[in-house]
Amino acid sequence: KNFRVLFTVTFLGIFGFSLFTQFLQIFFIEKFNYSVSDIGLFFGFVGIWIAFTQGFLIGKVRKKFSEAKIVQYAIPALAVILILYIFPSKSMYLFCLAPFIAIFQGLYRPNLQAIISNSASVEDQGEILGINQSVQSLAMTIPPILAGFIVSFDVHLPIIFAAIFTFASFLVFLLFWANSYDR
């Protein structure tokens with residue numbers, strides 16, 4: 001029964017982040033007149049922060065906090081950082097926000113995966129992780145359809161919806177899972 005909650009958290013979080021990442025380039029082009037090389041530079045910068053988070057930060061944070069606590073704080077922090085992307089009038093401010101996206105996404109996803117893995121019995125682990133991967137795949141296929149429609153109204157809408165779905169994943173986690181897991 002608890003896997004339904006975790007799969008819902010996974011779906012909403014991946015759905016939200018996919019809305020953000022799949023339409024960020026359009027946002028950059030429309031709002032800041034970015035070129036292909038500007039977009040590449042931005043994603044290269046984000047890649048450095050992803051490497052830092054995965055190679056260094058996750059291990060340090062995991063030694064001090066449980067997976068549930070990390071997820072409980074990283075998801076809403078990610079939602080806040082996502083919504084902040086709609087406000088800057090100069091693209092250089094986006095580079096200031098980028099490390100936080102890499103850090104909070106990099107902290108929440110592997111720790112949520114660990115919670116799912118650790119919640120399954122040894123016999124069921126492969127099946128549960130396979131279902132979780134299917135949920136993630138489904139969550140990545142729907143955003144282009146939705147965002148392709150809503151971006152026609154306003155270039156900010158995919159980012160706003162991304163933050164809403166990400167925050168919804170936090171609410172589901174907090175209300176239906178976090179207190180029961182962190183024992």
Side-chain angles (χ1 to χ4, degrees), residues 4-36 38-50 53-54 70-91 93-113 115-116 131-177:
R4 284 184 239 157
V5 170
L6 293 173
F7 294 153
T8 302
V9 172
T10 296
F11 179 85
L12 291 170
I14 298 296
F15 187 91
F17 198 69
S18 291
L19 269 172
F20 178 76
T21 58
Q22 292 179 14
F23 280 82
L24 191 59
Q25 299 89 335
I26 293 170
F27 175 75
F28 286 159
I29 292 166
E30 292 293 318
K31 187 166 182 177
F32 299 107
N33 201 28
Y34 263 34
S35 68
V36 172
D38 294 331
I39 293 169
L41 178 66
F42 178 83
F43 281 112
F45 180 71
V46 170
I48 291 168
W49 284 99
I50 290 170
T53 301
Q54 292 177 352
I70 295 168
V71 170
Q72 187 174 340
Y73 291 103
I75 295 175
L78 179 61
V80 168
I81 295 298
L82 292 178
I83 200 69
L84 289 177
Y85 259 70
I86 66 172
F87 295 110
S89 59
K90 295 185 179 178
S91 68
Y93 295 119
L94 302 177
F95 280 85
C96 297
L97 295 172
F100 297 103
I101 286 181
I103 290 168
F104 295 130
Q105 174 71 1
L107 288 174
Y108 118 75
R109 291 257 322 257
N111 283 289
L112 181 59
Q113 186 83 12
I115 291 170
I116 293 168
I131 293 168
N132 189 59
Q133 186 60 48
S134 296
V135 169
Q136 290 180 44
S137 296
L138 179 63
M140 287 186 249
T141 59
I142 300 170
I145 299 165
L146 175 64
F149 174 71
I150 63 175
V151 78
S152 66
F153 296 104
D154 189 315
V155 74
H156 297 95
L157 284 178
I159 294 173
I160 294 167
F161 276 80
I164 290 169
F165 278 99
T166 302
F167 193 76
S169 75
F170 160 69
L171 290 177
V172 171
F173 184 79
L174 185 66
L175 296 173
F176 301 106
W177 180 260

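We're numbering straight along the sequence, starting at 1.
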**Student:** Rounded to the nearest 0.5 Å, how far apart are CZ of Phe20 and CZ of Phe15?
**Tutor:** 15.0 Å
**Student:** How many angstroms lie between atom OG1 of Thr53 and atom CD1 of Ile101, to the nearest 0.5 angstrom?
**Tutor:** 11.5 Å
**Student:** Identify the two heavy atoms, one from Pro99 and one from Phe95, that lie closest to each other, and give their separation to 0.1 Å.
**Tutor:** CD-O, 3.1 Å
**Student:** If you take all heavy atoms of Phe161 and Ile150, which pair is closest and at what distance?
**Tutor:** CD1-CD1, 3.6 Å
**Student:** For residues Leu12 and Ser169, report the shortest heavy-atom separation together with the two atoms involved.
**Tutor:**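 Nearest pair, atom of Leu12 first, then Ser169: CB-CB, 3.5 Å.
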**Student:** Kindly determine whether Gln25 and Phe43 satisfy side chain to side chain contact (heavy atoms under 4.5 Å, CB included), including the steps that lead there.
**Tutor:** CA-CA 10 Å; Gln25 299 89 335; Phe43 281 112; 3.9 Å; yes
**Student:** For the atom pair CD1 (Ile14) and CG (Leu19), what is the distance rounded to the nearest 0.5 Å?
**Tutor:**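 Taking CD1 in Ile14 and CG in Leu19, the distance rounds to 11.5 Å.
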**Student:** Which value, rounded to the nearest 0.5 Å, describes the distance between Ile70 atom CD1 and Arg109 atom CZ?
**Tutor:** 15.5 Å
**Student:** Roughly how far, to the nearest 0.5 Å, is the CG atom of Leu84 from the SG atom of Cys96?
**Tutor:** 11.5 Å
**Student:** May I ask you to decide if Ile50's main-chain N or O and Gln105's side chain share a donor-acceptor pair within less than 3.5 Å?
**Tutor:**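 Not confirmed, Gln105 side chain does not pair with Ile50 backbone.
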**Student:** Kindly give the heavy-atom pair with the smallest separation between Trp49 and Ala102, and that separation in Å.
**Tutor:** CB-CB, 3.6 Å
**Student:** Count the heavy atoms of every other residue, nucleotide or ligand shown that sit under 6.0 Å from CZ of Phe32, and state whether that count exceeds 12.
**Tutor:**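 It does: Phe32 CZ has more than 12 such atoms within range.
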**Student:** Do other residues, nucleotides or ligands put more than 12 heavy atoms under 6.0 Å from Phe45 CZ?
**Tutor:**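 Yes - once you tally the heavy atoms of other residues, nucleotides and ligands closer than 6.0 Å, there are more than 12.
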**Student:** Do the non-hydrogen side-chain atoms of Ile160 and Phe165 ever get within less than 4.5 Å of each other?
**Tutor:**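 The answer is no, as the side chains (C-beta and beyond) never meet within the 4.5 Å cut-off.
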**Student:** Keeping the roles fixed (side chain from Lys31, backbone from Pro88), state whether a donor-acceptor pair exists under 3.5 Å.
**Tutor:**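 Yes: the side chain of Lys31 pairs with the backbone of Pro88.
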**Student:** Please report the C-alpha distance between Ile26 and Val151 in whole Å, then the side-chain angles of each, then the deciding distance to 0.1 Å, and finally whether the side chain to side chain contact (heavy atoms under 4.5 Å, CB included) criterion is met.
**Tutor:** CA-CA 9 Å; Ile26 293 170; Val151 78; 4.1 Å; yes
**Student:** State, yes or no, whether a side-chain contact exists between Leu78 and Tyr108 at a heavy-atom distance under 4.5 Å.
**Tutor:**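 Leu78 vs Tyr108: side chains touch.
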**Student:** Suppose the criterion is side chain to side chain donor-acceptor pair (under 3.5 Å): which pairs have a residue in residues 140-155, not counting sequence neighbours?
**Tutor:** Asp154-His156
**Student:** To the nearest 0.5 angstrom, please state how far the CG atom of Asp38 sits from the CG atom of Leu94.
**Tutor:** 11.5 Å
**Student:** Minimum heavy-atom separation for Phe27 to Val155, with atom names?
**Tutor:**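 For Phe27 and Val155, the tightest heavy-atom pair comes out as CA-CG2, 3.6 Å.
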**Student:** Taking all non-hydrogen atoms of both residues into account, name the closest pair between Ala162 and Gly16 and its distance.
**Tutor:** CB-O, 3.0 Å
**Student:** Can you list every side chain to side chain donor-acceptor pair (under 3.5 Å) pair that touches residues 8-20, not counting sequence neighbours?
**Tutor:** Thr10-Asn132
**Student:** Look at atom OH of Tyr93 and say whether more than 12 heavy atoms of other residues, nucleotides or ligands are closer to it than 6.0 Å.
**Tutor:** no
**Student:** Which is it for Phe42 and Leu24 under the side chain to side chain contact (heavy atoms under 4.5 Å, CB included) test, yes or no, and what are the steps along the way?
**Tutor:** CA-CA 11 Å; Phe42 178 83; Leu24 191 59; 3.8 Å; yes
**Student:** Tell me whether the rings of Tyr85 and Phe28 are parallel (<30°), tilted (30 to 60°) or perpendicular (>60°).
**Tutor:**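 If you compare the ring of Tyr85 with that of Phe28, the planes turn out tilted.
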**Student:** Indicate, with yes or no, if the rings of Phe170 and Phe167 have centres closer together than 6.0 Å.
**Tutor:** yes
**Student:** Determine, stepwise, if the pair Val5 / Val172 fulfils side chain to side chain contact (heavy atoms under 4.5 Å, CB included).
**Tutor:** CA-CA 7 Å; Val5 170; Val172 171; 4.0 Å; yes
